[in-house]
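Please read the structure below before turning to the comments.
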There are 2 protein chains.
Amino acid sequence: MAKGTDDTIAVRIGKALADRIISGAIEPGARLRQDHIAEEFNTSHVPVREAFRRLEAQGLAVSEPRRGVRVAAFDLGEVKEVAEMRAALEVLALRHAAPHLTSAILDQAEEATKAGDKSRDVRSWEEANRAFHRLILTPCGMPRLIATIDDLHAASARFLFAAWRSEWEARTDQDHRAILVALRQGNTESAAATLGRHVQWIGRKPVRTASGATREAFTIVG
Amino acid sequence: MAKGTDDTIAVRIGKALADRIISGAIEPGARLRQDHIAEEFNTSHVPVREAFRRLEAQGLAVSEPRRGVRVAAFDLGEVKEVAEMRAALEVLALRHAAPHLTSAILDQAEEATKAGDKSRDVRSWEEANRAFHRLILTPCGMPRLIATIDDLHAASARFLFAAWRSEWEARTDQDHRAILVALRQGNTESAAATLGRHVQWIGRKPVRTASGATREAFTIVG
DNA sequence: CGATCCAAAATTATAGATAATTTTTTCATT
DNA sequence: AATGAAAAAATTATCTATAATTTTGGATCG
C-alpha cells in the first residue's frame with residue numbers, strides 16, 4: 001500500500017488526522033487548531049484547512065464558522081445509525097459483487113478471516129475485518145457505493161477503538177465463515193442476509209470514565 | 001430558506017458551484033480554474049480551494065493533484081448506482097421515519113406532490129419532488145443518513161437536468177400518492193416497497209449530442 | 001504536412017502577512 | 001470570594017506573494 005508521496009500536502013494531513021481520530025489518539029470534542037497542526041507538519045495552515053474540509057465530509061470532524069474545528073463526538077445513536085447504513089449498503093454491494101466473485105477472492109477472504117481470529121489486539125483485528133469486507137464487496141464495480149461504505153467503516157473502526165482501546169480478545173468469526181460458505185454455494189441471498197445481520201451486531205462493554213464511574217460502551221462488531 | 005449570509009466564503013462558493021454543476025450550467029468535464037472563480041466571487045483562491053474539497057466529497061467534482069479540478073462526468077452506470085443507493089437508504093430512512101410521521105407532515109407531502117404535478121418545467125418539478133422525499137424521510141432522526149441521501153439527491157437532480165434541460169411535461173405522480181396512502185394506513189412496509197421501486201425507475205429519452213447524432217439519455221425519475 | 005521540442009503563459013500549490021473574531025486573563029467592584 | 005467589564009492573547013479566515021508544475025503556442029526539422 002503506497003504511502004502516496006505524490007499526494008498533495010492537504011491529502012497527507014487529512015489521512016494522518018483521520019488515522020488519529022479513528023484510533024482515538026485525539027479525543028472526541030478536542031479542538032483541532034490549524035496553526036498547531038500546520039507547525040507540526042511543517043506547512044502553512046492553508047493545506048490544513050483543506051484537510052479539515054475532507055474530515056468534515058467524512059463525518060470525523062465538525063466545523064463551526066470562526067469557532068474552529070473539533071473532533072466529532074458520537075453516541076449510541078450514531079453507532080446504530082452507522083450500523084444500519086452499513087447493513088443496507090453492504091448488502092446492496094454484495095448482491096452486485098456476487099456474480100464477479102472468484103474462488104481466488106473467496107480464498108483471500110478466508111485468509112483475512114483467519115488473520116482476524118488470530119489477532120491479539122483490536123487494531124489488527126480491525127484491519128483483518130476491513131480486508132474481509134473489502135474483498136467481497138469491491139467487485140461490485142460501484143465506486144461511489146464503495147467510497148461511502150469506506151467512510152462508514154472508518155466510523156465503525158472509531159467506535160470499536162473507543163470501546164476496546166486496550167483489552168481485546170479475538171473470537172472466531174462464525175458470520176464471516178457462514179457468508180463464505182453461502183457465496184461458494186452461489187447462495188447470494190443467504191450470504192446477503194447474514195451480512196446484513198452481521199454488521200448490525202452491536203457489542204457492549206462496561207468502561208470506566210474519566211470521572212471514575214462506569215458506563216456502557218457500544219460498538220459495531222463486524 | 002436562509003441564504004446563509006454568515007456562512008464562510010468557502011461555503012458560499014461551494015453552494016454556488018454545486019448549483020451550477022447540478023443545473024448543468026457547467027458541463028461535465030469542464031475545468032474549474034481557481035483564479036477565475038476567485039476573481040468572479042471577488043475573493044482570493046484560498047476559499048475557492050476549500051470549496052473544491054467539498055464538491056469533491058459530494059461527488060460533483062474530481063481533482064487531480066497539480067492538474068486541477070473538473071466537473072465530474074457521469075454515465076448510465078452512475079445513474080443506476082445512485083438510484084440503487086437511494087433505494088436502499090431511503091427505504092431505511094422511511095422505516096425509521098414512519099412512526100414519527102404526523103398527518104400534518106403527510107398533508108404537506110401531498111401538497112408537494114400536487115405542486116410537482118402542476119409544475120411546467122424540470123426545475124420546479126425537481127424542487128417539489130425533493131420536498132416530498134425530504135418531508136417523509138427527515139423525521140427518521142438520523143442526520144448522517146439524511147446527509148448522505150441529500151448528496152445522492154443532488155446527483156439525481158444533475159442527471160435529471162442533463163436529460164430534460166428544456167422540454168418537460170409533468171405527469172401525475174402515482175407512486176407518491178400510493179406511498180402516502182400506505183403511510184396513512186400505517187402500512188410502512190408497503191410504503192417502503194413502493195418507495196424503493198419508485199426511486200429506481202429510470203427514465204430514458206433520445207437527446208441530440210453536440211456532434212449532431214442522437215443518443216439515449218438516462219435519468220432517475222423519482 | 002505533421003511531429004517534436006522549447007520557451008512563454010497560465011495554473012496549481014504553498015508560504016507568509018493581515019484583518020477580524022473569539023477566547024482567556026486580568027483586575028476592579030460588589 | 002463572586003461577578004463582570006476591559007484588555008491581552010490566541011485563533012480563524014482571508015489576502016497577497018512566490019515557487020513549482022502544467023498547458024499552450026509556436027518554431028524547427030523530418
Side-chain angles (χ1 to χ4, degrees), chain A residues 2-21 25-73 210, chain B residues 2-21 25-73 210:
Chain A
K3 188 57 170 65
T5 96
D6 57 333
D7 278 348
T8 187
I9 292 181
V11 172
R12 278 210 300 278
I13 295 178
K15 287 180 182 171
L17 290 179
D19 189 67
R20 286 185 204 175
I21 294 172
I26 323 182
E27 296 273 306
R31 289 189 66 171
L32 297 171
R33 292 191 192 79
Q34 57 187 31
D35 287 11
H36 298 195
I37 295 167
E39 194 175 7
E40 183 194 337
F41 286 88
N42 276 299
T43 65
S44 86
H45 60 256
V46 179
V48 175
R49 292 180 58 83
E50 290 184 40
F52 284 171
R53 298 292 90 83
R54 240 175 70 96
L55 295 173
E56 238 186 304
Q58 290 177 102
L60 294 176
V62 290
S63 155
E64 284 185 284
R66 305 234 158 238
R67 313 268 321 261
V69 176
R70 299 177 169 275
V71 176
Chain B
K3 188 57 171 65
T5 93
D6 56 334
D7 279 348
T8 187
I9 292 181
V11 172
R12 278 210 300 278
I13 295 178
K15 286 179 181 171
L17 291 179
D19 190 68
R20 287 185 202 173
I21 295 172
I26 323 181
E27 298 271 306
R31 287 189 66 172
L32 297 171
R33 290 190 192 81
Q34 57 185 35
D35 287 12
H36 297 195
I37 294 168
E39 196 175 5
E40 183 194 337
F41 286 88
N42 276 300
T43 66
S44 86
H45 61 255
V46 179
V48 175
R49 292 179 58 82
E50 288 183 41
F52 284 171
R53 297 293 90 82
R54 240 175 72 96
L55 295 173
E56 239 186 304
Q58 289 178 104
L60 294 175
V62 290
S63 157
E64 285 185 282
R66 307 234 157 238
R67 312 269 321 260
V69 176
R70 299 175 169 277
V71 176

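Sequence lines set the chain letters: A, B, ... in the order given, protein chains first and strands last, and positions in each chain run from 1.
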(message) Give me the atom names and distance for the closest heavy-atom approach of B/P47 to B/I9.
(response)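 Nearest heavy atoms, B/P47 then B/I9: CB-CG2, 4.0 Å.
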(request) For residues A/S63 and A/V69, report the shortest heavy-atom separation together with the two atoms involved. (result)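 Closest heavy-atom pair between A/S63 and A/V69: CB-CG2, 3.8 Å.
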(request) Ignoring backbone atoms, test whether B/R67 places a side-chain nitrogen or oxygen under 4.0 Å from the OP1 or OP2 oxygen of C/dA13. (result)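 Checking B/R67 against C/dA13: no side-chain N or O falls below 4.0 Å of OP1 or OP2.
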(message) Here's a test of your reading of the structure: between A/E50 and A/H45, which maps to the more 5' nucleotide of DNA chain C?
(response)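 Counting from the 5' end, the first nearest nucleotide belongs to A/E50.
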(request) Examine distances only and state if a side-chain atom of B/R70 and a backbone atom of B/V62 form a donor-acceptor pair shorter than 3.5 Å. (result)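 Flag not set: sc B/R70 to bb B/V62 has no pair under 3.5 Å.
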Rounded to whole Å, how long is the line connecting atom [atom1] of [X] with atom [atom2] of [N]?
X: A/Q34; N: C/dT22; atom1: CD; atom2: P; answer: 15 Å
X: B/L32; N: C/dT12; atom1: CG; atom2: P; answer: 9 Å
X: A/R12; N: C/dA13; atom1: CZ; atom2: P; answer: 13 Å
X: B/R70; N: C/dT12; atom1: CZ; atom2: C1'; answer: 14 Å
X: A/R49; N: C/dG16; atom1: CZ; atom2: C1'; answer: 15 Å

(message) Let me spell it out: for each of A/F52 and B/R33, pick the nucleotide of DNA chain D with the closest heavy atom. Which residue's pick is nearer the 5' end?
(response)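 This one resolves to A/F52.
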(request) For the residue pair B/F52 and B/I13, establish whether any side-chain heavy-atom pair is separated by less than 4.5 Å. (result)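 When only atoms from C-beta onward are counted, B/I13 and B/F52 do not touch, as no gap falls below 4.5 Å.
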(request) Give the first and the last nucleotide of DNA chain D, reading 5' to 3', that has any atom under 4.0 Å from a heavy atom of chain A. (result)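 On DNA chain D, the outermost contacted nucleotides are D/dT11 to D/dT14.
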(request) Measure from the side chain of A/R31, starting at C-beta and using heavy atoms only, and say which of C/dA13, C/dT23, C/dA15 lies closest. (result)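 For the A/R31 side chain, the nearest candidate turns out to be C/dT23.
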(message) So, taking the atom named CZ in A/R20 and the one named CG in A/L32, what distance separates them when rounded to the nearest 0.5 Å?
(response)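 Atom-to-atom, A/R20:CZ and A/L32:CG are 9.5 Å apart.
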(message) Between A/E50 and A/R53, does any side-chain N to carboxylate O distance fall below 4.0 Å?
(response)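 So A/E50 does not pair with A/R53 through a salt bridge.
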